Structures are given as C-alpha cells and as structure tokens.
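Owing to the predicted nature of the structure, the values given are computational and were not obtained by experimental measurement. Note on naming: letters A, B, ... go to the chains in the order of the sequence lines (proteins, then strands), and numbering restarts at 1 for each one.
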Protein chains: 2
Amino acid sequence: MQSPMPTLDPASSSGLPLYKEVKRQIVQALSVGEWKPGDMIPSEKQLCARFGVSIGTLRKAIDELVSENILVRHQGRGTFVAVHNRGPRLFRFFNLIDSDGQRTYPQLEIVGFSKGRADRTVAAKLGIAVGARTYRIATVRSIDGKPLLIEDITLSQALFPDLTAEKVHQRPSTLYNLYQVAYGINVVRIEEGVQACIAEGEHARRLGVEPGLPLLQVRRVAYSYNDQPVEYRVSHIDSRHHEYFRAVS
Amino acid sequence: MQSPMPTLDPASSSGLPLYKEVKRQIVQALSVGEWKPGDMIPSEKQLCARFGVSIGTLRKAIDELVSENILVRHQGRGTFVAVHNRGPRLFRFFNLIDSDGQRTYPQLEIVGFSKGRADRTVAAKLGIAVGARTYRIATVRSIDGKPLLIEDITLSQALFPDLTAEKVHQRPSTLYNLYQVAYGINVVRIEEGVQACIAEGEHARRLGVEPGLPLLQVRRVAYSYNDQPVEYRVSHIDSRHHEYFRAVS
DNA sequence: CCCAATTTGTTCGTATGTATA
DNA sequence: TTATACATACGAACAAATTGG
C-alpha cells in the first residue's frame with residue numbers, strides 16, 4: 001500500500017531534492033519555449049502525473065517559481081507563465097518615481113541602431129568573446145516631450161540573429177517584448193550598478209540638458225532563465241525631478 | 001476521527017487563513033521582544049502545540065518568515081531569529097562594490113550628534129508629527145582613510161529615549177546593532193530613492209572632495225517589524241571608484 | 001567513534017474550502 | 001449547477017543534520 005517508485009527518483013540523476021528536480025525541469029520547459037509567457041501551464045494534477053510526484057512536492061516546486069516571479073497562480077483559473085512586459089508591469093525594472101512618489105511611465109523612442117563588436121566590458125557582461133558581433137541600440141525616454149533618460153543597449157548577434165533597425169522600430173510593444181515574441185528570450189531578472197556622473201557632449205545633447213548637470217548612470221545586465229545574460233544596457237538619467245527607487249527586505 | 005477545533009480558529013478573530021494568523025502572532029512575539037535576534041525559537045512541535053495547528057500549517061507560516069529574512073532555519077539545530085548586523089551581513093543594506101566587483105566594508109566614524117525637530121519631510125518619512133523631537137547623527141565612512149560616504153541620520157526621540165552622543169560613540173558595533181541591543185528595535189527592511197547631485201559646501205568638505213564633483217544622494221527609510229519606520233538617513237556618496245549595486249528578480 | 005535524541009527537510013497523501021469558467 | 005483548479009489544513013513516515021553523552 002505504499003507509493004511505487006516515482007518517475008523522478010531523487011537519488012537517480014541529480015542528487016537534488018525531488019522538488020528541486022521538478023523545478024529544474026519546469027524551468028527547462030520554459031527555456032525551450034514549451035510554455036510561453038501568458039500561457040497556462042498544465043494543472044497540478046497533470047503535472048503530478050507527468051513528473052510522477054505528489055501534489056505536495058509539485059506545489060513546493062511551483063511555490064519557489066512563483067516567489068521568483070517566473071510563474072503566477074490564480075485560484076480557480078490555473079497557473080501561468082509570468083509576463084514581464086505588459087501594461088503597468090512594463091516598467092517593472094524601471095522604477096522611476098516623481099516628486100509626488102508616483103510611478104511614471106515614460107515614452108520610448110529609438111534614435112539609433114548599428115552593428116559592432118564586443119569590447120572587454122561587454123564581453124564580460126554578456127558572457128561572449130571579445131570581438132564577438134553585437135548590435136547597439138540607442139534610445140530616449142521622455143515625459144511630456146522632455147527627455148528624461150537615454151539608453152545605450154548592447155545585444156549579442158548570436159542570440160538575436162537577423163535583428164534589424166526595422167524590427168526594432170516596428171516593434172508593437174517594448175524591447176523586452178520584442179525579445180520575447182521574435183526570439184523566445186524572456187527577461188526575468190536584472191542586476192545593475194549605479195554611479196553619479198556629469199552630463200557631457202553626446203549624452204547632454206541627447207538629454208537636452210546643459211553640460212555639467214549631474215546624472216545617474218545605471219549599468220544593467222538583463223538575464224533570462226538559467227541566469228543567461230541577454231542584454232547590457234547603460235542608462236543616463238536626469239534625476240532632478242525623478243528618483244530611482246528600490247526596496248530591500 | 002476528525003481534528004478537534006483548533007486553538008486558533010481561522011474564522012474567529014481575523015478572517016485570515018490560519019497560517020497567516022500564526023505568522024502574525026510570531027511577528028507579534030518578535031516585535032515585543034519575546035525572542036531576540038540570534039535566539040532560537042521553540043521547535044516546530046512546541047509551536048504546533050502553542051498555536052494548536054498542524055505541522056504543515058506552522059511550516060507554511062515559518063516558510064514565509066524565512067523568505068522575508070525574518071527567521072532562519074538550520075536543519076538539526078533549530079529555527080532562529082535573523083540577525084541583520086553581524087559579520088559580513090553588517091553591510092547587508094550597503095552594497096557598495098569596487099571597480100573589481102568586490103564588496104567593500106568602509107569604516108564608520110561619528111562626526112556629529114545633536115537634537116532637533118522634525119520638518120515635513122522627516123515627519124512624513126518617520127510617521128511622526130511635524131515638530132516632534134528628533135536626534136541627528138552625522139557620520140563619515142572611509143576606506144583606507146579616504147572618505148567615501150557621508151550620512152545624515154534622523155531618529156525620533158520618542159523611539160530612542162535618552163539616546164546620547166556617548167552611547168552613539170561608544171557603541172560596540174554598528175548603529176543598527178545599537179538600536180537592537182539598547183532599544184530592542186530591529187531593522188529588517190529598507191526603502192530608498194537615489195538621485196545624482198553636485199558636491200557643495202558642507203558635503204564637499206566632509207567628503208574631502210572639490211565642489212562640483214557629482215555625487216549619489218540616497219534617501220533611505222529603515223523599517224522594523226510591522227512596517228514601523230525607525231530611521232531616516234540621507235547619504236552622499238563619492239561614486240567615482242565604487243558603485244551602488246542592486247539585483248531585481 | 002558511535003549512538004541516541006532532537007530538530008528541521010523531504011515526500012507522501014487526504015479532506016475540505018474557495019474561486020473561476 | 002457543475003466541473004475544474006488552486007488554497008488551506010491536516011498529519012504520517014522517513015531522511016539528514018546537529019548535538020551531547
């Protein structure tokens with residue numbers, strides 16, 4: 001009357017706890033695109049059958065993925081792959097708040113697209129070889145027509161084959177959405193460093209500010225599932241009327 | 001053969017799920033100092049008996065507190081109240097990394113202590129009345145004798161009665177540790193906003209930099225259990241050789 | 001060094017409640 | 001209403017880590 005040998009044996013392949021192995025396989029399914037952002041994944045009962053584990057074990061795996069913002073559960077509806085770039089979530093990684101403490105959502109304009117090669121910094125951040133082919137995208141984000149933030153984005157050509165200025169300009173939504181629908185690449189996590197700098201030359205011109213103004217410089221690496229780096233982005237922000245926000249618990 | 005009525009009835013007092021009510025009571029015990037940071041709390045079996053819930057329900061409550069960094073579990077040893085200011089965790093909220101990407105731990109020096117009253121900003125941040133009595137503490141953090149970061153800290157006198165310059169100077173460890181051992185106040189979470197500014201006057205002098213240098217300005221509110229604000233801190237950082245780091249998942 | 005007791009970690013499963021379609 | 005799906009609550013059995021004798 002005891003349980004038969006499970007389909008996934010904890011000691012067999014990985015030595016990991018069973019629920020960690022289940023979690024790993026779910027992430028694997030996500031990263032190969034079996035389920036896409038917004039999709040409902042199979043019900044708990046179906047997943048239990050698929051992985052040969054009990055409901056409690058499956059829930060523990062899904063619990064962790066939910067806490068990592070990779071899955072979202074809705075009672076009575078199902079469990080879904082998290083969408084990171086729709087509606088207000090669009091600026092999930094862009095927490096600028098204005099003087100009243102309200103979140104703001106600037107408009108994005110693409111002002112440049114070119115091809116290049118990775119220098120040492122980019123190569124290290126993106127995990128590619130020095131000299132590997134890259135794209136460079138330049139943007140301006142504005143509120144009420146006033147430039148607020150400029151970005152210099154670097155992507156690996158290997159990860160985004162045949163990306164063109166047209167695709168970038170004609171994207172229906174955000175860049176992260178373009179990565180997702182056109183390349184199946186989902187940004188789920190970022191790391192960034194912040195420094196203060198002085199506006200000069202090109203940066204001052206694109207921001208429409210006088211040289212000498214203090215700016216925030218943010219260097220961000222965006223990651224997909226399995227800690228795969230997919231984008232390197234350097235931003236310069238006019239923070240006179242907006243501040244960069246964060247919470248740590 | 002069914003379970004008797006539990007000591008905590010989900011529908012009785014709060015309408016919350018049982019495990020949320022258990023969690024609330026544990027936080028309550030923490031905030032009144034029944035268990036202090038570093039203490040081992042009673043075993044799962046004991047807590048089940050105390051709250052009249054099953055092991056699964058108790059574990060779900062503790063799981064959430066662990067994920068919030070309020071408790072720490074050690075298999076075979078017990079469950080402990082998280083300590084937020086010991087050893088390397090000392091700078092848990094102070095993620096400055098140097099040019100090599102290494103975390104750095106500057107030395108702290110107290111350079112000022114005074115009494116004052118809350119202006120509108122401080123009152124709002126600390127949840128106290130405008131004009132309420134406060135303390136002001138000024139600090140400098142240095143690496144290799146080179147000032148890197150200055151802080152202006154504001155505390156409510158009501159929360160920290162009889163705080164003196166001597167206590168601040170003679171603290172054995174960090175300020176957060178002083179809050180903890182002398183007043184039973186534990187900082188478990190912070191929120192902060194970041195802007196760029198220009199070094200001038202007093203700030204430039206304390207940092208030992210020339211006026212005109214761009215600085216990071218960080219405004220932080222530190223919270224204890226139950227989202228109680230306990231400290232307001234404005235920092236100015238010379239970020240030329242160090243950057244402010246953050247990760248978002 | 002080993003053993004026993006304690007404590008948390010993992011896995012299993014059942015029953016019932018609540019939300020949604 | 002009914003069926004489905006997730007949420008909550010219960011608890012058993014065994015594994016793994018730690019501690020103290």
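In this structure, A:L58 atom CG and C:dG13 atom C1' are separated by 14 Å, rounded to whole Å. Look at CG on A:D63: it is 14 Å from C1' on C:dT10, rounded to the nearest Å. Rounding to whole angstrom units, CG of residue A:L71 and P of D:dC6 are separated by 11 Å. Regarding A:L47, its CG atom lies at a distance of 16 Å from the P atom of C:dT11, rounded to whole Å. Taking atom OH on A:Y19 and atom C1' on C:dC12, their separation rounds to 15 Å, with Å as the unit. Spacing between atom CD of A:E21 and atom C1' of C:dG9 amounts to 18 Å, rounded to whole angstrom units. Spacing between atom CG of B:L18 and atom P of C:dT16 amounts to 17 Å, rounded to whole angstrom units. Atom-to-atom, CD of A:E64 to C1' of C:dT10 comes out at 12 Å; the value is rounded to the nearest Å.
At least one side-chain heavy atom of A:L178 sits less than 4.5 Å from a side-chain heavy atom of A:L163.
Direction change of the helix axis from one end of the helix from C:dC2-D:dG21 to C:dA21-D:dT2 to the other is 10°, with five pairs defining each end axis (rounded to 10°).
A search for side-chain contact (heavy atoms from CB on, under 4.5 Å) contacts involving B:Q170 returns B:E166, not counting sequence neighbours.
Summarising the geometry of A:T174 relative to A:N177, their closest heavy-atom pair is OG1-N, 3.0 Å, with the distance given to 0.1 Å.
Residue A:K45 qualifies as open at atom NZ: its count of foreign heavy atoms under 6.0 Å is 12 or below.
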For this session: Let me have a per-nucleotide readout for nucleotides 3-8 of chain C, 5' to 3', with B, S or -, counting only protein heavy atoms under 4.0 Å.
Result: ----BB
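Between B:Y179 and B:F160, the ring center distance clears the sub-6.0 Å criterion.
In this model, the phosphate group of C:dC12 is approached by a side-chain N or O of A:S54 to a distance below 4.0 Å at OP1 or OP2. When the side-chain nitrogen and oxygen atoms of B:K60 are compared with OP1 and OP2 of D:dA9, none of them lie within a distance under 4.0 Å.
The pair A:K167-A:D162 does not count as a salt bridge, with every side-chain nitrogen at least 4.0 angstrom from each carboxylate oxygen.
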For this session: Could you give me the CA-CA distance, side-chain angles and deciding distance for A:R50 and A:Q25, then say whether side chain to side chain donor-acceptor pair (under 3.5 Å) is met?
Result: CA-CA 11 Å; A:R50 167 164 173 172; A:Q25 293 207 21; 5.8 Å; no
For this session: Go through the steps for A:E64 and A:S67 under the test side chain to side chain donor-acceptor pair (under 3.5 Å), then give the verdict.
Result: CA-CA 5 Å; A:E64 290 202 354; A:S67 77; over 6 Å; no
For this session: Starting from the C-alpha separation in whole Å, work towards a yes-or-no answer on salt bridge (Lys or Arg N to Asp or Glu O under 4.0 Å) for A:E68 and A:K23.
Result: CA-CA 12 Å; A:E68 292 169 23; A:K23 180 184 172 189; 2.7 Å; yes
